[in-house]
Amino acid sequence: MNTDSTDLDRLHAAVRREKADLEPGREPAPLWVMFLFMIIAIVAGGQLGPMTGGWSFSVSNPFSLARHGDPRPGGGAGAGATDPFQTAMKKGSSGYAVCGGCHQGSGTGIPGQYPPLAGSEWVNGGTERLIRVVQHGLVGQVTVAGQNYNFPGGMQPFGAAMSAGDLANVLTYIRNTWGNEGTMITKEMVEKVRKDESARAKQWTQAELESFASANVPGEIPAGPGATVAAEAAPAK
Ligand code: HEC
């Protein structure tokens, strides 16, 4: 008897716990689905940042000093953060890693192999020749700062591997480092040379570029330090 009533109690408790049948398709989603969505949201969120055209907290931050200028005397550490020349120099210095393996971090190159960029008339001279060299490459004997170089295979073109903006930043950087002083090279200038020479597949030779040695690609240079360095200040070697 006793055992009977306990059984019945257990049975009733079980029946009471039962919920009404849910309609098909309206059952709660299993826990793993929630976790899956959480992972997707985290990964997608991480992607969104880099894909929204260089969004960064320091740009969108309404309290950013770089945006509003630093009221402290001298401008504080935020000064110059939005200066196009400083920005190009900063990006160019990291972009230069591509070139540094051969031309060295010091810009001196390696005697007999890689010509120097420091004090090079190719770097400090006209922007037209410089952009062409890096865009399409250079082959055959070249004279740089009085020394001859003729590296087997020459220098490969970098036009396909680098965006116009990255190339412009690196060129601005090499024109204003190691004692070099030159005008800024803008993305638009690189784009213009790319368009003008889109059919070019071969590397350049020194002779082909001779006539561009002091030619500058037309284009506006943002006001600031990169614009004030007069092109004629470059050594006319
Ligand atoms: C794999 C080695 C190598 C890399 C990487 C390289 N260069 Fe060169 N570069 C050379 C060589 C070699 C020459 C000379 C070509 C010749 O002998 O015809 C040269 C020539 C030049 C010249 C003309 C001569 C001078 O010294 O001013 C410039 C300017 C130049 N390179 C810039 C760059 C830039 C900018 C980069 C990076 C985007 C770069 N190079 C990456 C090997 C390299």
Side-chain angles (χ1 to χ4, degrees), residues 85 87-194 196-197 200-217 219 221 226 229 231-237:
F85 176 74
T87 308
M89 288 294 283
K90 205 167 150 236
K91 290 186 178 167
S93 111
S94 45
Y96 180 73
V98 178
C99 329
C102 295
H103 294 286
Q104 306 299 296
S106 54
T108 50
I110 294 179
Q113 289 188 58
Y114 306 120
L117 303 179
S120 160
E121 65 275 28
W122 293 72
V123 176
N124 292 299
T127 57
E128 177 94 51
R129 181 169 72 168
L130 178 60
I131 297 174
R132 284 177 182 225
V133 162
V134 183
Q135 171 75 22
H136 304 285
L138 183 66
V139 72
Q141 176 163 317
V142 297
T143 309
V144 184
Q147 299 289 313
N148 289 338
Y149 299 84
N150 194 351
F151 192 75
M155 182 171 106
Q156 66 181 102
F158 283 90
M162 292 171 86
S163 73
D166 287 347
L167 209 72
N169 292 337
V170 168
L171 295 182
T172 296
Y173 172 77
I174 65 170
R175 276 165 74 81
N176 292 281
T177 308
W178 318 298
N180 290 349
E181 273 186 26
T183 45
M184 201 174 156
I185 290 185
T186 63
K187 179 178 155 208
E188 287 72 25
M189 293 175 190
V190 176
E191 276 168 352
K192 184 175 186 309
V193 172
R194 279 191 176 181
D196 292 352
E197 292 297 333
R200 178 93 198 172
K202 285 196 297 183
Q203 290 160 294
W204 295 102
T205 62
Q206 174 165 278
E208 281 178 301
L209 292 177
E210 203 60 64
S211 55
F212 299 106
S214 51
N216 285 315
V217 180
I221 299 170
V229 183
E232 46 273 24
K237 276 192 214 148

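Numbering starts at 1 and runs along the sequence shown. Each ligand, and each atom within it, is numbered from 1 in the order the structure gives.
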Query - Results of side-chain hydrogen bond (donor to acceptor under 3.5 Å, both in side chains) for Gln135 - residues two or more places apart only - result: Arg194

Query raised in the report: Is Val142 in polar range of ligand 1, meaning some N or O pair under 3.5 Å apart?
Result: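 N/O-N/O distance below 3.5 Å does not exist for this pair.
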
Requested in this report: Please indicate whether any nitrogen or oxygen in Gln141 is less than 3.5 Å from any nitrogen or oxygen in ligand 1.
Outcome: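 There is no such contact.
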
Counting heavy atoms only, name the option from [options] that's nearest to [atom].
atom: atom 18 (O) of ligand 1; options: Gly107, Gly137, Gly159, Gly140; result: Gly140
atom: atom 27 (O) of ligand 1; options: Ala161, Ser120, Pro157; result: Ser120
atom: atom 41 (C) of ligand 1; options: Phe158, Trp122, Tyr149; result: Phe158

Query raised in the report: Between CD of Glu197 and CD1 of Ile131, what distance do you get to the nearest 0.5 Å?
Result: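 Those atoms lie 11.5 Å apart.
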
Report task. Drop me the distance from Met155's CE to Gln203's CD, to the nearest 0.5 angstrom. Result ->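 Reported to 0.5 Å precision, the distance equals 9.0 Å.
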
Query raised in the report: So, are Arg200 and Glu208 salt-bridged, with charged N and O less than 4.0 Å apart?
Result: yes

**Report entry** Sequence-distant partners of Tyr96, ring-ring contact (aromatic ring centres under 6.0 Å, His included), two or more places apart
**Finding:** Tyr173, Trp178

Query raised in the report: Hey, which protein N/O/S atoms does atom 8 (Fe) of ligand 1 have under 2.8 Å?
Result: His103 NE2, Met155 SD

Query - Residues in salt bridge (charged side-chain N to carboxylate O under 4.0 Å, His left out) contact with Glu128, at least two apart in sequence or another chain - result: Arg132

**Report entry** Which residue and heavy atom of the protein sit nearest atom 5 (C) of ligand 1, plus the separation
**Finding:** Val98 O, 3.3 Å

Report task. Quick one: look up the protein heavy atom nearest atom 26 (O) of ligand 1 and list residue, atom name and how far away it is. Result -> Pro116 O, 2.7 Å

**Report entry** Side-chain (Asn124) to main-chain (Asn180) donor-acceptor, under 3.5 angstrom
**Finding:**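 Answer holds: no.
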
Query raised in the report: Between Thr127 and Val217, is there a donor-acceptor pair closer than 3.5 Å when you use the side chain of the first and the backbone of the second?
Result: yes

Query raised in the report: Quick one: does ligand 1 sit under 4.0 Å from the side chain of Leu167, the backbone, both or neither, non-hydrogen atoms only?
Result: neither

Query raised in the report: Only one of Asn169, Val170, Thr172 forms a side-chain contact (heavy atoms from CB on, under 4.5 Å) with Lys91, so which one is it?
Result: Asn169

